[in-house]
Structure formats: C-alpha cells, structure tokens
**Student:** 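A single structure is presented below for examination.
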Amino acid sequence: MRHLMNPMDFSVEELDRLFDLAADIEKNPEKYAHKCTGKKLATCFYEPSTRTRLSFETAMLNLGGSVIGFSDAGSSSASKGESVSDTIRVISCFADICAMRHPKEGAPMVAASHSTIPVINAGDGGHQHPTQTLTDLLTIRSLKGRLDNFTIGICGDLKFGRTVHSLVNALSRYSGIRFVFISPEELRIPGYLREKLWDNALTFEEVIRLEDVMGKLDLLYMTRVQRERFFNEEDYVRLKDFYILNKDKMALAKPDCLILHPLPRVNEISVEVDKDPRAVYFKQVQYGVYVRMALILTLLDLA
Amino acid sequence: MLNVGKIEEGFVLDHIPAGKSMSIYYHLGLDKLDCTVAIIKNAKSNVMGKKDIIKVECDINTLDMDVLAVIDHTITVNVIKDAVIVEKKQLTLPLEITGIMKCHNPRCITSIEQELPHIFYLADADRELYRCRYCDEKNTERF
C-alpha cells in the first residue's frame, strides 16, 4: 500500500506513468467514469480549503466513487481531543482512501503510519502540498509538451510559499531547467533550497524586478503573499502588492510564455490578464482534477 | 596525578571533548546502570589538550551506539575484555534516531500530539544535519 506525503515520493518514471494516465483521462473521461464504483474517498480536512477539497471530491465523483468526510476540525472528533492516529484508524473502517489536510506539519504522515488505507497529504501547514505540485507539473507537461529544457520564473513569496519549494524540488529532477527567482529581498528562497540548487549544479538567478526578466521566461509561476505566514501585519501590508502582473508586463513576455498560479489570486495578477491566452491558471485547476483522478486510481491499484 | 584503575570487562569512551561527559552519561542512561562507572573530566591529552573519559564496567551491548554517534561520532569506543582493549568501535551517524532530540517547531504535529515519538532522519551527513521526520525542521539541539 502506498501513500503520497511528498511530491518526491514518486520517481520521475512513476510520475510519467501518472501523467500519461491523467492525459488519457482528459481525452477519454467516459472510460474512467465507473472505475471507482463502490469505492469511498474520505476527505478529512482539519482546516477549511474549499478548492482542494472540492477538487478531490470531484475527482472521486468523476470516477464513479462516493465521498464522505468533514471540512473543518470543529465538525470532527478532533474537537473532542481525538488524536490523528485514532481518527485515521476509524476512517480506515469507513473508506477506501483518504485525503487529509491539517494545519500541523506532518499530521498526514502520522495518519499514514497508522492507516490501513492509502493516505494523500492534501496540505499540512506550510510544509507540503504534493497534489498542487503534481497539478503544476501536469499543466506544464500538457501545455508545453515537456518537463525539461525551459526557463521558469517564480515570482512572489518564495520564502514561505510551500508550493514554490515543492515545485523547485520536483523540477530539479529534470534536465535543462533554468530557474529565475523574482522576489523582494525579504521573501527570497530559503537558504537550504539555495544550497540544494548549488549542490546539484542547477542554473538559477535571483532578481527583484519582474520587468527585467520577463522576456526570457518560458513559464511564469506567480504566487500570492499569504497573510497567515506573517507574524507582523506591517510586513504583510508592505509586501502584499509588491508584484502585480498586468498587460504592460505581459507585453514584454514571449508569445508562448505560460502564466501559472496555484490560486487563489488576490492582487498579484490583474484581471485584465485573464483574457490573455497565455494565462492558464484556470486550466491548471482542471488539470488538478485529472491528476487527482489519476492519483486515486494509482493508489487504489485500479490504474 | 589522579589514577583510576583498569576495568576487567566493559568499555571506555575516550577522546570525549572536555566538559561533555556528563551529557553523555545522562543521554546514554548510564545513571540507571548498577555497575561501576568512572567519569574522568579534564584529563590531559596530547591531541585535544583536555579531554573527558568514561569507563563503564558492564556488557558493551548496553551501550546505545546510535545515541553516542549523534552526540559525537568522533568519540573513541574501546571494548575491554580481561583488562585489555580487544576492539575499537567506529561510530557512524545513524540514518534515523528516535527519542534523543525534540522537535521545537510549533507548527509540527508533535507540538500537539504529546505521545508521538520524536523521530529525526539524517538529511546531510557532511553537515551532520538531522531533520524531523514529520515536518523536516532541522535539529538545533546540541549535546
């Protein structure tokens, strides 16, 4: 039995198979419409997350399965003081697979070690969010046709953004990737990630102005500055609107430069950019459903 | 010059950095043993200037090598039988260690589920860096 805790849990070859399956699901959804008939997904969400939870639930419903679960800790037995390990033992009796989100880092790993059903980490605090990374990789592979040999700009909160750290780690396994990190001084990538890139002799540069590098990017991954990651409200207010991608900046980009964003977007991408065919962040949401469908099938050995 | 006699059977931990012996004594659980334990502090050393030494007269298997390696893998472990050194054990950093270090990350699941064992894995042997198995926070505890 396998779980998914970290995007690096799967080898590059396993990811290729997963993405091939997701691509086939996209082309032939009817072929998969009853693959999970009689199977149940439990969504155990200890903190609110409409988008990820609904994406998981849609994925299971698209496969013909059903869904049980809770969407905040208050409506679960956690409010009575039940431990994660006890909860998952109970859930294991009800469902065939579980997607868990928890504000504490490592909670899904604790669940996995006591579970008799596959557990998917659907986000644990600021730590990991592997299905977002799988979504990002599938979007790039589907729309660019490859996962190697491109220049990707990653812009915004590179210090606290877990999606950024996971994406950088995941892309580091492919050849010919050049990273351009665009952030204010205070939100640069953490030291350990920089050291890892140095150790693996990967090409990267760090800049402050988005305009200076826009023209050389094949992909631009925008991120939101998250209020909940700051202890100091003043810092958040100062940095939240540091980058705003608008029409003028898009005019500097290559004609085939794709714009991605894990969403929700606040101010960092102006709504006028939404009409640009290079803005693919809403398509990304659709790929999130395909990749979660492929993941559920893979972990349930139904692929 | 203070003299501590030879032991017949047991082990001698040599080349302990001066001042570290009491920490090792407690972390290895030597305080719970019923056998003879000698702690020598600030002994003269040609290489180190000053060093600590611990002599324990009991079965070598009571020694948790992993714990000792995490505390300081440069310590020399001499195994004694019939009052002579029969083996010098090399300490290697364990790939995973439980219950020695504590994760201090307030966002880690171990901060709210008290019964969970604190497990760390070796993330970088060159830098002797351990990270929490749950949250990947690096260990900052020194022994």
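Labels below follow one simple rule: chain letters A, B, ... track the order of the sequence lines, proteins then strands, and each chain is numbered from 1.
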**Student:** Is there a side-chain contact between A:Tyr221 and A:Thr163, using heavy atoms and a 4.5 Å cut-off?
**Tutor:** yes
**Student:** Measuring heavy-atom distances to chain A, does B:Glu137 have an atom under 4.5 Å in its side chain, in its backbone, in both, or in neither?
**Tutor:** neither
**Student:** Kindly indicate whether the side chain of A:Thr133, heavy atoms from C-beta on, has any atom under 4.5 Å from the side chain of A:Asn169.
**Tutor:** no
**Student:** Identify which part of B:Asn105 has an atom lying under 4.5 Å from any heavy atom of chain A, answering side chain, backbone, both or neither.
**Tutor:** side chain
**Student:** Identify which of A:Ser85, A:Pro103, A:Ser83 forms the greatest number of heavy-atom pairs closer than 4.5 Å to chain B.
**Tutor:** A:Ser83
**Student:** With a 4.5 angstrom heavy-atom cut-off, is it the side chain or the backbone of B:Leu116 that approaches chain A, or both, or neither?
**Tutor:** side chain
**Student:** Heavy-atom distances under 4.5 Å only: say whether B:Ser111 touches chain A with side chain, backbone, both or neither.
**Tutor:** side chain
**Student:** Relative to chain B, which segment of A:Asn121 carries a heavy atom at a distance below 4.5 Å: side chain, backbone, both, or neither?
**Tutor:** neither
**Student:** Quick one: are B:His15 and B:Thr74 in side-chain contact, heavy atoms under 4.5 Å?
**Tutor:** no
**Student:** Within the 4.5 Å heavy-atom criterion, are A:Gln128 and A:Met5 side-chain neighbours or not?
**Tutor:** no
**Student:** With a 3.5 Å cut-off and no angle check, do the side chains of A:Arg101 and A:His129 form a donor-acceptor pair?
**Tutor:** yes
